[in-house]
S.K.: 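Okay, handing you the structure first.
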Amino acid sequence: MQKFVIHGGKRLEGDITVQGAKNSALPILSAAMLCEGENILENCPELSDVYAACQILTSAGCQCRMQNHTVSIKADTVRNSEIPESLMQEMRSSIIFLGAMLGRTGTCILGYPGGCELGPRPIDLHLQAFQKMGVKIQEESGILTCTTPNGLHGAKIHLQFPSVGATENIMLAAVLARGETVITNAAREPEIVDLAQYLRTCGANLRGEGSSTIVIQGVKKLTGCTYRIMPDRIVTATWLAAAASAGGTIRLLQADTVSLEGILDVFEQMNCSCSHTENTICFSAGKPLRAVRFLKTMPYPGFPTDAQAIVMAVLCKANGTSVIEETIFENRFRHVDALVRMGADIQVTGHAAVIHGVKQLHGAPVSATDLRGGAALLVAGLGAQGETVLTELSHIDRGYDSPELLLRSLGADIRRI
Ligand code: EPZ
């Protein structure tokens, strides 16, 4: 089992380039299945979740080749519309292939995605929407069989909650469906805008992405294109948090500054200084760090749930008391126990965490419990005194492309063993 050995307290200095966004690459890889001809996706991060997505495409009959952060997909020979059970369990977000398989073949067989470490991950909003689009869904001992006996057609769909995955899945099913689909209360995340721009480049007819209402006119066919995946805003937030925690001044190149407004504002509240040009962020850690009285995770453009754990890791050493309310996921405070073991003073009551800043954290043996919780422990270890040994790296490798190489280039003392 691999682990990170981190000796904290080293200031971070220098420039790093931000990786492509996992949460944009996954729906775009799924969308590639809808296209005739070849897709070339550039700036694709090399992550276990991306490899799993390529395996699903291959098992469906696509040709999928990844090298040096570029993925080539040919989907002319899609013959199978089944998502392998093993991959459904390995990567919960495999549900994003349902919409594209329905759009391409009209059928899909998949296992009910298990919950994950963040809590139950229901897909009721996805399934309700597909039923309105003419999909018949049978469930038999955990296996869903989806068919479209009268073809896939557009529908008016109001989402009870602006679900990112449901919004993306509906878009993937709608672009080749008969007629018009209108999604109201759609999610507004930047990754949805990236997916829409990719689909439009392939010939899709849609508008409104980034707002709460997306309108899609089905077209006859989509043609593969070359597309560059947007930068990962949560990975960007992670490196900012690492610099805030360890101290220092870093520059992030090829960052997407527009989608980071809400996050940069929180770091400025913590007394860090952030300035940015169009795609470069200059960042200096706050001395001392200031507590943030109240933070609440919300759908975009609110403060993102994916940045909650990594910001909490920084607040552990801020002057004063901070309160974070997690409103998106049931169980997204699993990193708190390990932070407390490193000397943090945090109380969790229900969906709120109260963080009393302490002078220092000390290194400890800790385990990652989920992707962003693991990133939070990495951030805390970089700013702690002494040695932190971080295990269960498979969680981190789902979303971060060679993090130790990147952090070492900034002066961090971190080794993967
Ligand atoms: C996406 O997950 C992201 N994953 C998550 O990032 C992110 O945390 C989340 O959006 C919120 O921004 C990918 O894009 C691959 P949701 P998704 O559907 O689509 C409930 C990371 O760290 N819900 O917006 O699954 C659900 O239970 C990952 O990179 C239903 O009730 O998020 C949750 O409480 C973690 N019924 C809330 O909505 C449904 O049918 C948000 O879920 C669907 C969702």
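Atoms within a ligand are numbered from 1 in the order they appear, just like the ligands themselves.
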S.K.: Can you report which non-hydrogen protein atom sits closest to atom 32 (O) of ligand 1, along with the distance?
M.R.: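 Here the nearest protein heavy atom works out to F329 CZ, 4.2 Å.
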S.K.: If we set the cut-off at 4.0 Å for heavy atoms, which region of E168 has an atom near ligand 1: side chain, backbone, both, or neither?
M.R.: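 None of E168 does.
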S.K.: Evaluate A166 for polar contact with ligand 1, using N/O atom pairs at a separation under 3.5 Å.
M.R.: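 Between A166 and ligand 1 (N or O atoms, distance only) the closest approach is not under 3.5 Å.
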S.K.: Please report which non-hydrogen protein atom sits nearest to atom 40 (O) of ligand 1, along with the residue it belongs to and the distance in Å to one decimal place.
M.R.: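 Scanning the protein heavy atoms, the shortest distance from atom 40 (O) of ligand 1 goes to L125 N, 2.8 Å.
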S.K.: Can we say R416 and E404 salt-bridge, meaning some charged N sits less than 4.0 Å from an Asp/Glu carboxylate O?
M.R.: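 Here R416 pairs with E404 in a salt bridge, since their nearest N and O are under 4.0 Å apart.
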S.K.: Give the residue, atom name and distance (to 0.1 Å) of the protein heavy atom nearest atom 39 (C) of ligand 1.
M.R.: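 Of every protein heavy atom, P122 O, 3.1 Å lies nearest to atom 39 (C) of ligand 1.
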S.K.: Between S93 and ligand 1, which part of the residue brings a heavy atom under 4.0 Å of the ligand: side chain, backbone, both or neither?
M.R.: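 For S93, only side-chain atoms sit under 4.0 Å from ligand 1.
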S.K.: What are the two closest heavy atoms between L382 and A412, and how far apart are they?
M.R.: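 Minimum heavy-atom contact is CD2-CB, 3.7 Å.
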S.K.: Is R332 near ligand 1, meaning one of its heavy atoms is under 4.0 Å from it?
M.R.: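 It does, in that a heavy atom of R332 comes within the 4.0 Å cut-off of ligand 1.
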S.K.: Applying the side chain to side chain contact (heavy atoms under 4.5 Å, CB included) criterion to M1, which one of I417, L393, T391 satisfies it?
M.R.: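 Testing M1 for a side chain to side chain contact (heavy atoms under 4.5 Å, CB included) against I417, L393, T391 leaves exactly one candidate, T391.
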S.K.: Based purely on interatomic distance, does T305 place a nitrogen or oxygen under 3.5 Å from a nitrogen or oxygen of ligand 1?
M.R.: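 Between T305 and ligand 1 (N or O atoms, distance only) the closest approach is not under 3.5 Å.
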S.K.: Give me the residue, atom name and distance of the protein heavy atom closest to atom 3 (C) of ligand 1.
M.R.: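 Atom 3 (C) of ligand 1 sits closest to the protein heavy atom N23 ND2, 3.7 Å.
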S.K.: Is it true that R200 and E209 have a side-chain N and a carboxylate O under 4.0 angstrom from each other?
M.R.: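 Yes, charged N to carboxylate O under 4.0 Å.
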S.K.: Is the closest side-chain heavy-atom distance between S322 and R293 below 4.5 Å?
M.R.: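 S322 vs R293: side chains apart.
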S.K.: Quick one: nearest non-hydrogen protein atom to atom 36 (N) of ligand 1, plus distance?
M.R.: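 Here the closest protein heavy atom is D124 OD1, 2.7 Å.
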S.K.: Which residue and atom name correspond to the protein heavy atom nearest atom 2 (O) of ligand 1, and how close is it?
M.R.: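 Result for atom 2 (O) of ligand 1: R121 NH2, 3.5 Å.
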S.K.: If you measure from the Lys or Arg side-chain nitrogens to the Asp or Glu carboxylate oxygens, is any gap between R233 and E191 under 4.0 Å?
M.R.: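 So R233 pairs with E191 through a salt bridge.
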S.K.: Assess, by modelled atom type and distance only, whether the side chains of D370 and H335 contain a donor and an acceptor separated by less than 3.5 Å.
M.R.: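 Note: D370 and H335 side chains miss the donor-acceptor criterion.
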S.K.: Under 4.0 Å from a heavy atom of G165: give me the atoms of ligand 1 that qualify, with their elements.
M.R.: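 That gives atoms 18 (O), 19 (O) of ligand 1.
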S.K.: At a 4.0 Å threshold, what atoms of ligand 1 neighbour a non-hydrogen atom of K22?
M.R.: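 Going through ligand 1 atom by atom, the ones under 4.0 Å from K22 are 21 (C), 29 (O).
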S.K.: Considering only the protein, which heavy-atom contact is closest to atom 33 (C) of ligand 1, and what is its distance?
M.R.: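 Ranking protein heavy atoms by distance from atom 33 (C) of ligand 1, first comes I328 O, 3.5 Å.
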S.K.: Among all protein heavy atoms in this structure, tell me which lies nearest to atom 24 (O) of ligand 1, with the distance rounded to 0.1 Å.
M.R.: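 The closest one turns out to be V164 N, 2.9 Å.
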S.K.: I need the single residue from N68, D401, V50 that forms a side chain to side chain contact (heavy atoms under 4.5 Å, CB included) with C44. Which is it?
M.R.: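 The residue from N68, D401, V50 that satisfies side chain to side chain contact (heavy atoms under 4.5 Å, CB included) with C44 turns out to be V50.
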S.K.: Could you tell me whether R251 and D15 make a salt bridge, using a distance below 4.0 angstrom between a side-chain N and a carboxylate O?
M.R.: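 Yes, charged N to carboxylate O under 4.0 Å.
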S.K.: Under a 3.5 Å threshold, yes or no: a donor from one side chain and an acceptor from the other, between R228 and Y198?
M.R.: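 Side-chain D/A pair, R228 to Y198: absent.
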S.K.: Which part of H126 is near ligand 1, with near meaning a heavy atom under 4.0 Å away: side chain, backbone, both or neither?
M.R.: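 It is both parts that get close, each with some atom under 4.0 Å.
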S.K.: Using distance alone, decide if ligand 1 has a nitrogen or oxygen within less than 3.5 Å of any nitrogen or oxygen in F161.
M.R.: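 Between F161 and ligand 1, no N or O pair is found under 3.5 Å apart.
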S.K.: Do D397 and S394 have side-chain atoms, one donor and one acceptor, less than 3.5 Å apart?
M.R.: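 Side-chain D/A pair, D397 to S394: absent.
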S.K.: When you measure from the heavy atoms of A187 to every atom of ligand 1, does any distance fall below 4.0 Å?
M.R.: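 A187: no contact with ligand 1 (<4.0 Å).
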S.K.: For L98, which of C146, S30, S81 qualifies under side chain to side chain contact (heavy atoms under 4.5 Å, CB included)?
M.R.: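 In the set C146, S30, S81, the residue that makes a side chain to side chain contact (heavy atoms under 4.5 Å, CB included) with L98 is C146.
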S.K.: For atom 15 (C) of ligand 1, is the nearest protein heavy atom closer than 4.0 Å?
M.R.: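 Within 4.0 Å of atom 15 (C) of ligand 1, protein heavy atoms are found.
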